[in-house]
Amino acid sequence: MTPMPRAGVITLDGPAGSGKSTTAREVARRLGFRHLDSGALYRGMAYALLSSRGAESWETLTEEDLRALPLRLQPMEGGFEIHLAGRPLRGELRTQDVTSHASRLARLRPVRASLLELQRSAGARGGLVADGRDMGTVVFPDADVKVFLVAELEERARRRFLERTGMEPDPDEVRGEADAIAERDRQDSERVHAPLRKPEGALELDTTRLSFAEQVEAVVDLARRTLVGKNPHR
Ligand code: CDP
């Protein structure tokens, strides 16, 4: 019988379209952990601001202004939903408008500071698989298992297009999607606060030629080996 892993914290970071969220969700399900999609919080905040005050002058917002937004993480089966004023946000978070504004918003220090506590509270009791850009570097620096997921740009573009439209892209469509992804990666890697980078001690997993099942298995396997070997009373 496989021993049950201790309820630790597992982080998955990486560039856009590397498969973090889908992998994290399935890894969490396999381990009986909860999944936190931190990108959905940045998207949720972008959506909240776009609908309440438009796209202007976000640079002047203070941490206090942002904490006052009625944005919550609502625990649910397997993870969390993002609620705005008590209403769940779902499809609204995945529009291209929200996607591009989320990266712009994520550069701002008050934004990151206002979301830090919310993210940490999700991991307070362990049993969490968190995915994003700074999970292993800033939010959960003491995580038990850290993974950095990468994949070639064209493959990430292909997957994103397929996910968004349900169709295989032609070469022009791959190029268009790749340009948008590369621009977002550039913004996320070059920003001053919590830039996208591989956390120290993280396992780098290139998923370009892995199937979804293989990449999930690789993370579950690493988590099982690491968490079972650790002292649960640490
Ligand atoms: O799914 P995808 O990787 O395309 O994006 P996401 O994880 O939903 O994140 C949307 C945006 O939020 C990213 O482009 C980042 O700018 C920002 N983000 C961040 O700064 N830090 C995180 N931990 C997660 C997301």
Side-chain angles (χ1 to χ4, degrees), residues 9-26 28 35-50 58 66 71 73 79-82 89-123 128-141 143 146-153 155-165 177-199 202 205 207 212 215:
V9 173
I10 301 170
T11 61
L12 263 74
D13 289 300
S18 56
K20 299 176 303 283
S21 291
T22 44
T23 306
R25 189 174 310 118
E26 179 60 10
H35 169 222
L36 172 69
D37 172 359
S38 64
L41 275 172
Y42 290 91
R43 289 171 183 272
M45 191 171 268
Y47 177 82
L49 292 171
L50 284 171
W58 288 2
L66 295 161
L71 200 64
L73 269 184
F80 302 88
E81 255 184 348
I82 312 291
L89 297 179
R90 296 185 183 132
E92 303 88 320
L93 300 183
R94 314 300 307 178
T95 65
Q96 278 181 321
D97 196 31
V98 165
T99 301
S100 61
H101 282 97
S103 300
R104 181 190 147 213
L105 184 69
R107 295 203 317 261
L108 307 174
R109 198 206 59 80
V111 167
R112 307 204 72 87
S114 73
L115 291 176
L116 195 57
E117 222 172 280
L118 207 57
Q119 297 172 84
R120 287 197 176 140
S121 69
L128 189 76
V129 184
D131 82 82
R133 304 291 189 288
D134 61 342
M135 296 297 98
T137 51
V138 175
V139 180
F140 300 111
K146 298 183 185 183
V147 178
F148 194 66
L149 280 190
V150 296
E152 284 166 15
L153 178 62
E155 176 58 15
R156 292 190 278 126
R158 189 190 69 81
R159 291 176 189 169
R160 256 306 135 84
F161 189 93
L162 185 63
E163 178 185 73
R164 208 156 42 74
T165 65
E177 192 81 26
D179 287 349
I181 288 184
E183 171 55 22
R184 207 142 61 84
D185 286 351
R186 190 190 61 71
Q187 286 192 32
D188 289 343
S189 309
E190 291 180 359
R191 69 183 175 218
V192 175
H193 307 292
L196 167 67
R197 57 184 52 129
K198 180 177 164 183
L205 191 63
T207 70
F212 181 65
Q215 72 201 40

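Quick caveat: nothing in here was measured; it's all calculated off a predicted structure. Counting starts at 1 for both ligands and their atoms, in listed order.
The Asp188 neighbourhood of ligand 1 comprises atoms 13 (C), 14 (O), 15 (C), 16 (O), with distances under 4.0 Å to a heavy atom of that residue. Ligand 1 places these atoms under 4.0 Å from at least one heavy atom of Gly132: 23 (N), 24 (C). Close approach to Gly39 involves these atoms of ligand 1, each under 4.0 Å from a residue heavy atom: 6 (P), 7 (O), 8 (O), 9 (O), 24 (C), 25 (C). Set against the non-hydrogen atoms of Arg94, the atoms of ligand 1 under 4.0 Å away are 1 (O). Residue Arg160 approaches ligand 1 through these ligand atoms, each under 4.0 Å from one of its heavy atoms: 1 (O), 2 (P), 4 (O). Ligand-side atoms of ligand 1 in range of Met135: 23 (N), range being under 4.0 angstrom from any heavy atom. Interface of Asp134 with ligand 1, defined as ligand atoms under 4.0 Å from a residue heavy atom, comprises 21 (N), 22 (C), 23 (N).
In terms of protein heavy atoms, atom 24 (C) of ligand 1 is closest to Ser38 OG, 3.4 Å. For atom 3 (O) of ligand 1, the closest heavy atom belonging to the protein is Lys20 NZ, 2.9 Å. With hydrogens left out, the protein atom closest to atom 21 (N) of ligand 1 is Arg112 NH2, 2.9 Å, a heavy atom. The protein non-hydrogen atom at the shortest distance from atom 17 (C) of ligand 1 is Ala106 CB, 3.7 Å. Summary of contacts: the protein heavy atom closest to atom 12 (O) of ligand 1 is Tyr42 CB, 3.6 Å. When hydrogens are left out, the protein atom nearest atom 22 (C) of ligand 1 is Arg133 N, 3.4 Å; that is the closest non-hydrogen contact. Here the protein heavy atom with the shortest distance to atom 8 (O) of ligand 1 is Arg43 NE, 2.6 Å.
Checking Arg160 against Thr99 by side-chain atom types alone, no donor-acceptor pair falls below 3.5 Å. No hydrogens or angles considered: a donor-acceptor pair under 3.5 Å links the side chains of Gln215 and Thr23.
A donor-acceptor contact shorter than 3.5 Å is absent between the side chain of Ser189 and the backbone of Arg186. Arg156 places a side-chain N or O within 3.5 Å of a backbone atom of Ala16 that can act as its donor or acceptor partner.
With Asp188 as the partner, the salt bridge (Lys or Arg N to Asp or Glu O under 4.0 Å) test is satisfied by one option alone out of Arg112, Arg133, Arg107, Arg104: Arg133. For the side chain to side chain contact (heavy atoms under 4.5 Å, CB included) with Tyr47, the qualifying choice from Asp97, Val98, Leu71 is Val98, the only one to do so.
Checked by distance only, ligand 1 and Arg191 come closer than 3.5 Å through their nitrogen or oxygen atoms.
Asp13 approaches Gly136 most closely through the heavy-atom pair OD2-N, 2.8 Å. Closest of all the heavy-atom pairs between Gly44 and Ile82 is CA-CG2, 4.4 Å.
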Inset, instruction - Please step through side-chain contact (heavy atoms from CB on, under 4.5 Å) for the pair Phe140 and Leu128, ending with a clear verdict. - result: CA-CA 11 Å; Phe140 300 111; Leu128 189 76; 3.8 Å; yes

For this session: Begin with the C-alpha distance, continue with both residues' side-chain angles, and end with the deciding distance and a verdict on salt bridge (charged side-chain N to carboxylate O under 4.0 Å, His left out) for Arg158 and Glu155.
Result: CA-CA 5 Å; Arg158 189 190 69 81; Glu155 176 58 15; 3.1 Å; yes

